[in-house]
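Data block below; observations after.
Chain naming here is simple, since letters A, B, ... match the order of the sequence lines and numbering starts at 1 in each. Because only heavy atoms are used, hydrogens play no part in the values below, and waters and symmetry mates are left out as well, while side chains stay in.
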There are 2 protein chains.
Amino acid sequence: MKKPPTIRDVAAAAGVSVSVVSRVLNPDSGPVAPAKRQGVLRVMEELGYRPRAAARELSVGKALTIGLVVTDLSNPFFAHLADRIVWEARSHGVQVVLMTTQEDPHLEAESLDTLMDRSVSGVIATPTGGNIEKWARLQDLGVNVVFVDRTIEELGSVDVVSIENFDSAQRSTEYLIGLGHSRIALVTGPKSTSTGRARISGYTAAHESASLPVDPLLIRDVPFRGDAGGDAVGSLLTIPQPPTALIVANTAQVRSSVRRLVQMGVDIPDQLSLIVFDDNPWTELMSPPLSVIRQPLDMLAVHSLELVLGRMRGKLPEGPRLIEVKADFLPRNSCAPVTSALAH
Amino acid sequence: MKKPPTIRDVAAAAGVSVSVVSRVLNPDSGPVAPAKRQGVLRVMEELGYRPRAAARELSVGKALTIGLVVTDLSNPFFAHLADRIVWEARSHGVQVVLMTTQEDPHLEAESLDTLMDRSVSGVIATPTGGNIEKWARLQDLGVNVVFVDRTIEELGSVDVVSIENFDSAQRSTEYLIGLGHSRIALVTGPKSTSTGRARISGYTAAHESASLPVDPLLIRDVPFRGDAGGDAVGSLLTIPQPPTALIVANTAQVRSSVRRLVQMGVDIPDQLSLIVFDDNPWTELMSPPLSVIRQPLDMLAVHSLELVLGRMRGKLPEGPRLIEVKADFLPRNSCAPVTSALAH
DNA sequence: GTCCCGAGTGGAACCGGTTCCACTTTTGTA
DNA sequence: TACAAAAGTGGAACCGGTTCCACTCGGGAC
């Protein structure tokens, strides 16, 4: 258990001062004679020297680290997102500290405190919606915050990367209307989330432009976690005029919703047309393969990281940025024209 | 962008020395008069003081951080595992730095270097199999290493947490043999991994105890990533005496394997009985629902974290520990008795 | 030949904690 | 009551980097 060499060991072995070694480490921080630079580099190599991150953080006051705050990794959407972000970050020499909130503002608050202690220079997050002051304070401290997937309207000054929620919901609704459906149910996240609201708006807009009434009974804005999605589905199928089509507009709710449909023996698409927001690989393997809105995770990851790093490097125009990326609609075989038997 | 208070600010405001404040921060490091402790705590509260992690790390020489090194988070197995570990770690006040290897020893090596720079006090990893010296050096530096899921035999001194690979493979094979199958194919990870080897052994043992010959043609130890699983399946179905049953013994290979079966229109279970190693929620929703070996992720996560933390806290018996947890076999509807039409 | 400027260098303070040690004040016990 | 042991406290060194500053050179301009 021998301890690794320090910058002073390197300096001594190379016959220079620590200042010189430090300047070799950080090329832009000052001049070094080419010969000495070579010498120092060789000594570093020989000694197997690696600078301690903590020491640098302490004196610089910032860490080459970003925090990634997501709901939970059991949700394949976040898992993929995290995967891409970690991968992308590494290629820029940035480490990622991962925290999960389980959709609980209290846990989120804790995470933010921890990230502040760590002096992270950026945070990418899918916020729960709470902790408004805390997010603001984080920015106050010079931490670059980027919200991905969702946003918090009250926080005007953060960068946001999301998919075109309104548009995606609108398009899928229009698709179903085009198949003749007039009773289309929507299961989505709570109205307290930006995504929940935007998707309901898109759904509503599609109805309006088709001059179709919107039945509030068919819109279920329910919590992400637990079986809320499945329960909403169960309840939807027992109302007087049950829907002939269903859009499950949030990844987190797809699993429980589909499970409920399978359990209830609902025939898809003959009895119910189904569209889900998801790019889970399994949707394709089910029978029938599900029609999905595919969220371009790579784009979300790349853009949010670019924003954080761009801010870190300091060279990005002032004001907040909103980046919306397009989501693809992939029709497969879970939607069918409405049949006379079902039309009321 | 005002900067947060330091320990000296607290000390000044509370009218004590920094030593006292530090002792309040670390209760076991020395005595503090109850009255002063209260005073200091109140001042901390008022000032919103939080100790900077980097400073502590620097003087202590270790960080309250662990590294989590997994292949990739797109694999639901690792995603769940990571989720549980992050969750479990937080409840112990430990942060997790996440790194992915993409099954590439070179990237793994980089990750290990980075983790050393960060002075993490522990690492939980699913090793690629390479970098033997590097793992050893990490331990040399006092980092507690725990391998989860897989192991590296050459590294005698690391703790390992895994499922009963031999046993799981043996049981699923026996189950199929019990249904009358005699040509059972196995798709699993490379022989260079401990899991690959153990599962092949279990498979072989089941054959031997049933006095059934083992046809090497039916065993496909292929890479985890890419479409190797699917390709193996494709090839297996075209050999002279094709298998009547298939065990896909690695989570990472399930997706591409099942996709290939679906694409080829293979009838499950009439044409082919199928068992997969996976606890992906979607296996249950497919038709037919797949019989699976369910890996007890929670147990893997909890045990590996307990090991790391236990070592960190110093109070765990010397020598390396091997913890094997039982995996459940969940028969569903993807296996059927071999039919006369298929029996050769 | 002077003067000036920039490249190159080392010394030392600093970042914000922890910890050792010396010192004073209690407390307990004989 | 006396004295050793324990509790409580503050000063200062230390962890390993970064950075500011003062200083020494050399070469070019005048």
Distance, rounded to the nearest Å, where B:Ile7 contributes CD1 and D:dA12 contributes P: 16 Å
Interface residues of residues 33-43 of chain A with DNA chain C (non-hydrogen, below 4.0 angstrom): A:Ala33, A:Lys36
For the student: nearest non-hydrogen atoms of B:Asp83 and A:Ser74, plus distance: OD2-OG, 3.1 Å
B:Glu45 CD: over 12 foreign heavy atoms closer than 6.0 Å: no
Flag if over 12 foreign heavy atoms under 6.0 Å of CZ, A:Arg137: no
Nucleotide C:dC14, atom C1' - distance to CZ of A:Arg8 in whole Å: 11 Å
Along DNA chain D (nearest heavy atom to each residue), the more 5'-positioned of A:Pro5 and B:Gly30: B:Gly30
Separation of atom CG in A:Leu47 from atom P in D:dG16, rounded to whole Å: 14 Å
Minimum-distance pair of heavy atoms, taken over all atoms of B:Thr195 and B:Asp149: CG2-O, 3.2 Å
With A:Arg225, the side-chain hydrogen bond (donor to acceptor under 3.5 Å, both in side chains) member among A:Asn75, A:Thr71, A:Asp72: A:Asp72
Protein-nucleotide distance (A:Asn26, atom CG; D:dT19, atom P), rounded to Å: 6 Å
Contact residues, residues 9-23 of chain B to DNA chain C [heavy atom, < 4.0 Å]: B:Ser19, B:Ser22
Among B:Asn131, B:Thr101, B:Thr126, side-chain hydrogen bond (donor to acceptor under 3.5 Å, both in side chains) partner for B:Glu108: B:Asn131
Among B:Arg118, B:Arg56, B:Arg52, the one residue meeting salt bridge (Lys or Arg N to Asp or Glu O under 4.0 Å) with A:Glu57: B:Arg118
Strand-adjacent residues in residues 49-67 of chain A, judged by heavy atoms under 4.0 Å from DNA chain C: A:Leu58, A:Ser59
Nearest heavy-atom neighbours spanning A:Arg84 and A:Ala301: CB-CB, 3.4 Å
B:Asp117 and A:Arg50 ion-paired at < 4.0 Å: yes
Within 6.0 Å of CZ in A:Arg90, more than 12 heavy atoms from elsewhere: yes
Working for side chain to side chain donor-acceptor pair (under 3.5 Å), residues A:Gln102 and A:Thr100: CA-CA 6 Å; A:Gln102 317 295 326; A:Thr100 57; 3.2 Å; yes
